[in-house]
Amino acid sequence: MSVNAEKKPTDFIRTIIEQDLARNLNDGRVVTRFPPEPNGTLHIGHAKSICLNFGVALQYPNGRCHLRFDDTNPEKEEIAYVQSIQEDVRWLGFDWGTNLFYASDYFERLYELAEVLIQKGLAYVCSLTAEEMRDYRGTLTQPGRESPYRNRGVTENLEMFRAMRAGRYPDGAHTLRAKIDMSSPNINMRDPTLYRIRRAHHHQTGDRWCIYPTYDYTHCISDALEGITHSLCTLEFEDHRPLYDWILDQLQGELSCHPQQIEFSRLELEFTVMSKRMLTTLVTGHHVSGWDDPRLPTISGLRRRGYTPASIRNFCRLIGITKAPNYVEMALLENCLREDLELNAPRAMAVLDPLRVILDNLPEDHLEELVVANHPQNDALGTRKIPLTRELFIERDDFAEHPPKGFKRLVPGGEVRLRNAYVIRCQEVIRNPQTRAIEALRCLVDLETMNKAPEGRKVKGVIHWVSAQRHCKVQVRLYDRLFTIPQPADPKAGGSFLDHLNPDSLRILEDRPVEESLARAQPEQQVQFERLGYFCPDRRDSKPGQPVFNRSVSLRDSWKK
RNA sequence: UGGGCCGUCGCCAAGCGGUAAGGCACCGGAUUUUGAUUCCGGCAUUCCUAGGUUCAAAUCCUAGCGGCCCAGCCA
């Protein structure tokens with residue numbers, strides 16, 4: 001399914017855009033941008049923003065969405081992240097064409113415009129220390145006080161700002177601040193910092209600059225320079241909108257447009273964490289294997305887990321765009337994957353907890369090649385051959401000596417259908433003489449039941465199996481939710497979010513028998529292990545002929561005891 | 001008595017003055033060589049609360065209540 005073919009969602013932002021178009025604002029242009037800071041990898045929350053921004057642009061014949069790195073804080077940013085972010089956006093199915101930008105592309109222009117603000121008496125060089133500035137800022141309930149440097153003359157401000165750029169002051173000695181209103185109830189308007197002195201190597205501009213502009217100053221101007229029409233961001237920037245507008249208003253003569261900032265609520269997902277800080281803690285503290293650990297909600301993690309781009313896009317469509325706080329259930333995400341894979345994933349059989357079965361009425365060397373469909377509904381997926389031999393493995397919990405009510409699987413003296421093969425009857429349970437543990441089952445196979453129901457009786461159970469003589473053995477990783485509670489990041493949950501890590505979020509099973517055909521499974525090719533779930537060869541750890549399977553999601557199971 | 005924003009089913013979410021869409025989850029039931037899928041059916045006399053306006057309110061007004069965000073030279 002192409003990105004374009006997916007059903008178009010509607011939401012309050014798209015409604016605003018339609019209205020703007022109807023009023024012929026922006027000459028009918030629709031230009032959005034996805035502006036990540038390259039200081040971490042993308043997660044599903046970013047996917048929501050990506051789908052919104054690129055999705056909106058795709059809806060209009062001349063719509064565009066820029067990918068712009070918001071790289072104004074070199075101390076925290078790395079080139080590796082600018083690579084991984086591009087890979088993730090592309091993998092999700094979006095294309096920025098030639099519109100790849102960096103806020104750092106605009107450093108020179110940003111600097112010039114800062115001089116314009118100084119010249120207009122709207123910005124000044126402040127020599128307060130960081131602590132002093134905090135003190136002067138006031139609190140949420142008390143107004144701030146004006147900096148003693150607030151009324152420095154234009155000439156001196158200009159000289160000092162140029163000296164800042166020239167590297168004549170140590171880091172942190174001065175800042176450039178906007179002259180707005182220290183008594184504003186909106187703290188962002190209390191003379192916000194525009195530039196700081198920081199001798200840090202920048203991944204794009206190297207050592208050309210020792211002063212760096214702040215987000216608030218940079219973002220609105222970058223948007224304007226790129227001709228963005230709708231600057232979509234999350235709710236926490238609502239309080240920044242007055243500043244966004246203030247800067248663009250003061251620079252009106254210098255810039256050709258004034259983009260509209262619209263905020264929407266960020267995505268929260270149950271049983272995981274989404275904040276960059278917490279994700280970083282999980283990675284650096286080795287609570288997970290890396291940014292692409294399949295238990296993480298990162299794009300690369302979901303990818304490794306076996307999520308498809310279409311399933312993530314569909315998820316983002318289903319959750320919608322609003323301003324309401326939202327905590328989405330993991331079940332919705334999982335359902336999106338199942339929905340995609342149900343149609344598209346070929347089926348195969350694997351036994352994760354093997355119990356040996358001996359088919360007594362077959363000769364030792366019995367070998368029957370069964371031709372079976374790769375998908376029960378989708379014939380286009382073709383067929384494959386699987387060997388039926390005298391000994392096979394079935395799932396240990398598909399047999400019960402003392403079955404619970406409603407048990408439809410194998411019981412002593414009972415019958416069950418082997419998926420894609422014959423009906424068998426359990427004749428005898430073989431036990432370990434010492435431990436009394438069940439070691440194997442002796443069964444009789446009814447050769448009249450291939451592709452047809454047995455005479456005069458009903459067999460309701462169907463179980464999967466793998467030949468004990470002809471199979472390959474693989475490692476299987478069973479993933480579960482990373483946390484034990486729905487909102488681990490909520491301080492009301494008590495303790496640190498790390499206290500709620502699920503100790504059983506990963507179970508590694510070694511040497512599990514699966515169909516021989518699976519030895520050729522390629523990384524990222526999802527397959528359904530029948531009756532178990534969807535699995536996907538790990539793209540990091542699989543080797544040719546030796547796949548390692550990650551369980552992406554289990555099958556829905558209405559048989560819960 | 002700082003500012004901004006938000007409150008419609010367990011979770012998302014339509015609705016924008018004309019008498020509560022949809023998806024997920026859940027519960028039935030049918031079909032089924034995956035207890036899967038598919039299919040049918042059920043699932044808010046009620047929209048945070050209380051008043052008010054109106055023939056008519058989730059939608060308008062007023063007053064409350066609850067929740068989220070903001071005091072980086074982070075984004």
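Every chain is numbered from 1, with letters handed out A, B, ... down the list of sequences. The structure presented is a predicted model; accordingly, all values stated were derived computationally and were not measured.
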### Message
Applying a 4.0 Å non-hydrogen cut-off, can you work out what K48(A) is touching in the nucleic acid: base, sugar-phosphate, or nothing?
### Response
nothing
#### Entry: Whole-angstrom distance between U8(B) and C16(B), as gauged at atom C1'
13 Å
### Distance-only polar pair, side chains of Y212(A) and E75(A), donor-acceptor under 3.5 Å
no
### Query
For the pair made of CZ in R417(A) and P in G35(B), what is the distance, rounded to whole Å?
13 Å
### Query
Partners of S127(A) by side chain to side chain donor-acceptor pair (under 3.5 Å), sequence neighbours excluded?
R152(A), H174(A)
### Task
Report which part of the nucleic acid G406(A) touches: base, sugar-phosphate, or nothing (heavy-atom distance under 4.0 Å, all strands).
base
Could you run down the sub-3.5 Å N/O contacts of the protein with nucleotides 26-31 of chain B?
none

### Task
In whole angstrom, give the distance that lies between atom CZ of F315(A) and atom C1' of A13(B).
13 Å
### Query
Roughly how many Å is it from CG in N314(A) to P in C12(B), rounded to a whole number?
18 Å
### Query
If you check the K323(A) side chain, which of C5(B), G35(B), C24(B) turns out closest?
C5(B)
### Query
If you draw the axis of the six-membered ring of Y124(A), does the NZ or CZ of R177(A) fall within 45° of it and under 6.0 Å from the ring centre?
no
### Task
Using atom CD of E268(A) as one end and atom P of C11(B) as the other, report the distance to the nearest whole Å.
15 Å
### Summary
Rounded to whole Å, CH2 of W559(A) lies from C1' of U34(B) at a distance of 16 Å
### Summary
With B for base contact, S for sugar-phosphate-only contact and - for none (protein heavy atoms under 4.0 Å), nucleotides 70-75 of chain B reads BBSBSB
### Message
In whole Å, I'd like the distance from the CE atom of M330(A) to the P atom of C12(B).
### Response
14 Å
### Message
Considering every strand and a 4.0 Å limit on heavy-atom distances, what is the contact class for M189(A): base, sugar-phosphate, or nothing?
### Response
nothing
#### Entry: Distance between P atoms of C61(B) and G23(B) (Å, rounded)
33 Å
### Task
Would you kindly check whether a donor in the side chain of E329(A) faces an acceptor in the base of G10(B), or vice versa, at under 3.5 angstrom?
yes
### Task
Examine the base of U38(B) for any acceptor or donor lying under 3.5 Å from a partner atom in the side chain of Q377(A), and report the outcome as yes or no.
no
### Task
Step through it carefully: locate the ring centre of Y215(A), locate the ring centre of H219(A), and say whether they are under 6.0 Å apart.
yes
### Task
With sequence neighbours left out, write down each residue that passes ring pair (Phe, Tyr, Trp, His ring centres under 6.0 Å) with F549(A), or none if nothing qualifies.
F529(A)
#### Entry: Under the salt bridge (Lys or Arg N to Asp or Glu O under 4.0 Å) test, residues paired with E268(A) that sit two or more places apart
none
### Task
Would you kindly give the CG-to-C1' distance between N420(A) and U34(B), to the nearest whole Å?
9 Å
### Message
Does A453(A) reach a base, just sugar-phosphate, or nothing at all? Heavy atoms under 4.0 Å.
### Response
nothing
### Task
Quick one: classify the glycosidic conformation of G41(B) as syn or anti, with syn meaning within 90° of 0.
anti
### Sequence-distant partners of F101(A), ring pair (Phe, Tyr, Trp, His ring centres under 6.0 Å), two or more places apart
H66(A)
### Euclidean distance, atom CD of residue E334(A) to atom P of A25(B) [Å, nearest integer]
10 Å
